Amino acid sequence: MKRLLLLLSLIVAACASAPQRNQDLVARALDAMGGADVLDARKSIYIKASTKQWEPEQSVVASGEMRFANEATYEFLADIGARTTRIDWVKNFSYPSTRTFKFTEIITPDAGYVAGIDSNGRNKQSRESNPPGFAMSSLRLATTQRELLRTSPRLLLQMRDNPGNVSSSPDVTIGGVTYPAVNYKTGNVTFTVMFDPQSGLPARVRTLDWDNVYGDSAYDVVLSDWRPLGSSKGRIAGTRRYELNGKVISEVKIIEAVENAPVSADRFAMPAAAKAAAAKPATSPSVPYQWVIRRQVIGTYLDSENTSYDTQASSGLSLVELAAGVQHTTNGAGNSLIVEMRDHLIVFDAPASDWQSNWTINAAKAKYPGKPIKYLVLTHHHMDHAGGMRAYAAEGATLVVGKGNGEHFRKHLAAPSSLNPDLAVRDFSRTQVIEVVDKQVLSDGKREVSVFVIDNPHCNGMMIGYVNDVRIGFVTDLWSPGRDPLPAKITPALAAVHNAVKKSGITPVKFAGGHGTVGEYAPLMALASK
């Protein structure tokens, strides 16, 4: 009995000391950053910085070296009292094509606005008669607000002022260093703040995010190179490194920082019509943070409220019949192709998310009742075409992937998926995966569907598909038929499609695209023959 009472008293003491330990960590960090009084007195801050960004799921090799996406400079101005921010960007993209975006983001607690480009990413210089600009979607606004708070001293001040939202976290060990940590919940976001054990400064700020390929993922900003800010005792992290599951995907270097500079309200003004129509920040726990962040890294996220993360659709997903038993999904973040076989279905590509995959699966079941999806053919490993793979795995489908990509998909299907907003938690590690070395024929004894691994400049293990009896091919990224006009001179990507057709001996009449719609093959063949 005495031992039980002693144990209970120790538990009570530990529970009582935990809140104090958490607040002590927060107070020590505020002191190390210059003192809570200095941070409270800060009215504005101006920052000039440079960034470099990489996209891990646009790699040439599955699970290989990340693709360098862009480098940028930006000027950041925040009116702290009004909780408004302006960021002027110059982004020079290397991938997926060379181009420069010059634009401004204005963020308030209730609205966001993008000026200088239109919602397709085109610079205003190309459309001077109709200078573009648009209100942020609720998804982009919520994501931008979360990321601004992640690196702001306001995070620590909020933790001080809202101790009821601060809870204990186990210490976190990374690279041989053990960081004391606390959790802070604000709205639908939980930050885990890790503190440097020597200086007490915040060293990492983590969220647990859903990634459509990687599954449950740790997203950290690593704060370092702390330096004085102005004449006060305030300090600022001069280097901010963003890591996804330990991989550095973005690095920010502060060039200049000024606190309490005069600010004018008109610097944060947005058009009245845009402000009136602007969406409030999304509050759902299923905001696709990683999709929003990382599609902007490659400059292809075009602001949208569409649940499928669609960046171009206005009318929603739909099925288009291309031939008897062949359906093309359109108006999504990417397209799929559904092929009816005698007693089952084959689907090509699972774009973006399990939400879109669920839509496609339900549409296929309605169109072809009683026929299960037996195969999901993934043309390549990039997130915008493979991110919805788990919905098909949940249906019992076998994944068909290109040479060298099998282990990539097996590894990520075995990863935890508790944060998936579109599927119930389950074990996907037993999903069957077929790796195509050169060619695979899927047949029901009557209809044949062929899959070919092709040489191409986009990524390793990429495949095209072909429905033999109706002479329809399926191609992703190398050609977007029906969307992109053919150039005057053939490109390496288009040449790859043409060479694959010649090598395989198929005779397509048309191709359906993973982007775009459908296009006749003859014009591409004529272009290649010049």
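These numbers come from a predicted model, not from an experiment. Values below: every heavy atom of this structure, side chains too, minus hydrogens, waters and symmetry copies.
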Would Thr104 and Asp88 count as a side-chain hydrogen bond (donor to acceptor under 3.5 Å, both in side chains) here? Give the steps. CA-CA 4 Å; Thr104 296; Asp88 295 303; 2.5 Å; yes

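Between Asp349 and Asn335 the shortest side-chain heavy-atom distance does not fall below 4.5 Å. Between Tyr74 and Val252, some side-chain heavy-atom pair lies under the 4.5 Å cut-off. Inter-residue side-chain proximity for Val60 and Glu65 is flagged as unmet; no heavy-atom pair is nearer than 4.5 Å. Side chains of Arg150 and Tyr242 form a contact here, defined as non-hydrogen atoms less than 4.5 Å apart.
Applying the 6.0 Å contact sphere to CD of Glu448 captures more than 12 heavy atoms from other residues, nucleotides or ligands. Counted within 6.0 Å of NZ on Lys371, heavy atoms from surrounding residues, nucleotides or ligands total more than 12; the atom is thus considered enclosed. By the 6.0 Å contact criterion, NZ on Lys247 is enclosed, its count of non-hydrogen atoms from other residues, nucleotides or ligands being greater than 12. Asp469 CG: more than 12 foreign heavy atoms inside a 6.0 Å radius.
Electrostatic pairing of Lys374 and Asp444 does not count as a salt bridge here, judged by no charged N lying under 4.0 Å from a carboxylate O. A salt bridge links Arg294 with Glu55: the closest approach of a Lys/Arg side-chain nitrogen to an acidic carboxylate oxygen falls below 4.0 angstrom.
Residue Tyr521 forms a ring-ring contact (aromatic ring centres under 6.0 Å, His included) with just one option from Tyr466, Phe511, Phe474, and that option is Phe511.
One finds the NZ atom of Lys403 at 8.5 Å from the CG atom of Asp438 (value rounded to the nearest 0.5 Å). In this structure, Thr476 OG1 and Met463 CE are separated by 10.0 Å, a value rounded to the nearest 0.5 Å. Once rounded to the nearest 0.5 Å, the distance linking CD of Gln290 with CG of Asp209 reads 4.5 Å. Distance check, rounded to the nearest 0.5 Å: NE2 of His382 to CD of Gln58 gives 4.5 Å. How far CZ of Phe452 is from CD1 of Ile506: 5.0 Å, rounded to the nearest 0.5 Å. One distance of note links CD of Gln145 with OG1 of Thr108; it measures 7.5 Å at 0.5 Å rounding.
One side chain, Gln53 or Asn70, offers a donor N or O that lies under 3.5 Å from an acceptor on the other. His381 and Ser59 are linked by a side-chain donor-acceptor pair at a separation below 3.5 angstrom, with hydrogens and angles left out of the test. Side chain to side chain, Asn188 and Thr283 fail the donor-acceptor criterion of an N or O pair below 3.5 Å. The closest side-chain donor-acceptor pair between Asn92 and Thr100 falls under 3.5 angstrom. Side-chain contact of Asn420 with Asp354: a donor-acceptor pair under 3.5 Å is present, judged by distance alone. In the model, Ser318 has a side-chain atom that pairs as donor or acceptor with a side-chain atom of Thr330 under 3.5 Å.
The aromatic rings of Phe68 and Trp54 sit perpendicular, their planes meeting at an angle over 60°, well past the 30° parallel limit.
Ring-centre distance between Phe101 and Phe93: below the 6.0 Å cut-off. Aromatic ring centres of His385 and His515: separated by under 6.0 Å.
The two residues Ala324 and Arg447 make their nearest non-hydrogen contact at O-NH2, 3.0 Å.
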